[in-house]
Each structure stands twice: as structure tokens, then as C-alpha cells.
Amino acid sequence: MGTFISLSPEDTHRFGERLGQLAQAGWVIGLDGDLGAGKTHCVKGIAKGLGISERVTSPTFALVNEYPCGRLPLAHLDLYRLETMEAILGAGLDEYFEPRGVAVVEWMERWTGVLPLHFLRVRIGVLDGDKRKIEYDDFGA
Ligand SMILES: Nc1ncnc2c1ncn2[C@@H]1O[C@H](COP(=O)(O)OP(=O)(O)OP(=O)(O)O)[C@@H](O)[C@H]1O
Ligand SMILES: [Mg+2]
């Protein structure tokens, strides 16, 4: 468990980049925080830390964007647009919760299925202006 204070989008990107450097095969990183907290910024950093040079965009229409070309393959999921618990559980996302590479899931708090095996929870809280409090917990096996 730890806390990181971000003062800018660049700080949040750097926090993500270090996570990407540390990430191991099988990790699921769950990102929570209000709309516009900075979850996607953090994912862009994670991708950079994994050595992914492709541009990372939010999976708006697709439920998942996959980036196979880094040190480890990255799957980027966003549960925001799945409206009900049934829709989330029925979407067949389970395979991403024991990933070959790394899975990053925005709005992970909406997940009500079985906990991933190697789970890192990251919560981004909005403080004043651009300031963010990033708290992380490791439930890793
Ligand atoms: N410290 C900060 N860290 C991250 N983003 C910041 C910070 N300060 C300001 N911002 C701004 O907040 C916005 C964060 O957008 P981002 O898409 O990353 O949020 P999100 O949590 O993914 O939102 P959504 O729930 O809609 O997916 C950007 O416009 C960014 O410039
Ligand atoms: Mg987002």
C-alpha cells in the first residue's frame, strides 16, 4: 500500500511508466477514480513503461484495446460503458483477468466477478486543480 501525489498529467504519466517497468506477466492493474481523474493518462504511462510505442487511446467502442508489441502484451479495458453488473459479467472479460501479459482495467470497481490472481489496485483521487492523490494496493499472489 502506498500513496503518490501527482501535480500534473506528466507526473501521472511518470507514475504509470514506472508501473509498466515493474509489471510482470499475469498482472492485472485496476484503475479507479472519477471521470477525468487521469486513469487513461496513467495507462499511457504504463504502455510507455512496457516499451509500447503505439499511441494509446481509450477503448471507447471496443471494450478492449490490445497492444501486443511491448516487453509484455498489454490489454487495456474500460468497464465504464457496460451499464449493468450482468453486462459486465456477461462480456467474457474473464480471459483478461489471467492475462498472458498485463491487463489494465479502467473502472475496475465495477467488476463483481472473481478477483484476478495478481492484482494491483490503483485509485486516483482528484484534489485541488491538477493535484491528484494516487493510492495503490497490491493483492498479488
Ligand atoms: N495530475 C493529473 N494527472 C492526470 N491528469 C490530469 C492531472 N491534472 C489534470 N489532468 C487532466 O485531467 C484529464 C484526465 O483525463 P483522462 O482521460 O486521463 O481521465 P480518465 O480518468 O481516464 O477519465 P474517464 O473516466 O473519462 O476515462 C486530462 O484532461 C488531463 O490533462
Ligand atoms: Mg479513461
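Atoms within a ligand are numbered from 1 in the order they appear, just like the ligands themselves. Quick note: residue numbers are just sequence positions, from 1.
Only backbone heavy atoms of D34 (N, CA, C or O) come within less than 4.0 Å of ligand 1; its side chain stays farther off. Counting heavy atoms closer than 4.0 Å to ligand 1, residue Y80 contributes nothing at all.
R121 places no side-chain N or O within 3.5 Å of a backbone atom of M108 that could act as its donor or acceptor partner. Remark: side-chain polar atoms of R71 are paired, donor with acceptor, to backbone N or O of A23 under 3.5 angstrom. Side chain of K39 to backbone of V105: no donor-acceptor contact under 3.5 angstrom is found.
The closest approach between a heavy atom of S8 and any atom of ligand 1 is below 4.0 Å. At least one heavy atom of L35 sits closer than 4.0 Å to an atom of ligand 1.
Note: F15 and Y136 have tilted aromatic rings, judged against thresholds of 30 and 60 degrees for the angle between ring planes. Using cut-offs of 30° and 60° for the angle between ring planes, the F119 and F139 rings count as parallel.
Shortest contact from atom 11 (C) of ligand 1 to any protein heavy atom: R132 NH2, 4.0 Å. Of the protein's non-hydrogen atoms, H41 CE1, 3.7 Å is the one closest to atom 30 (C) of ligand 1. Ranking protein heavy atoms by distance to atom 16 (P) of ligand 1, first place goes to G38 CA, 3.9 Å. Remark: minimum distance from atom 31 (O) of ligand 1 to any protein heavy atom is reached at P9 CG, 3.6 Å. Nearest non-hydrogen protein atom to atom 27 (O) of ligand 1 is E106 OE1, 3.2 Å. Among protein heavy atoms, atom 1 (N) of ligand 1 sits closest to D130 O, 2.7 Å. Looking from atom 25 (O) of ligand 1 to the surrounding protein, the closest heavy atom is K39 NZ, 2.8 Å.
At least one N/O-N/O distance between A37 and ligand 1 falls below 3.5 Å. Geometrically, ligand 1 and T12 share a nitrogen or oxygen pair separated by less than 3.5 Å. Looking at K131 next to ligand 1, no N or O pair under 3.5 Å apart turns up. Residue contacts with ligand 1: S58 is placed with no nitrogen or oxygen under 3.5 Å of a nitrogen or oxygen of the ligand (distance criterion only). An N or O contact shorter than 3.5 Å links G36 to ligand 1 by distance.
For a distance bound of 2.8 Å, the N, O or S atoms of S58 include none lying that close to the Mg ion (ligand 2).
Residues V56 and K44 approach most closely at O-NZ, 2.7 Å, considering heavy atoms.
The Mg ion (ligand 2) sits nearest to atom OE1 when only the N, O or S atoms of E106 are considered.
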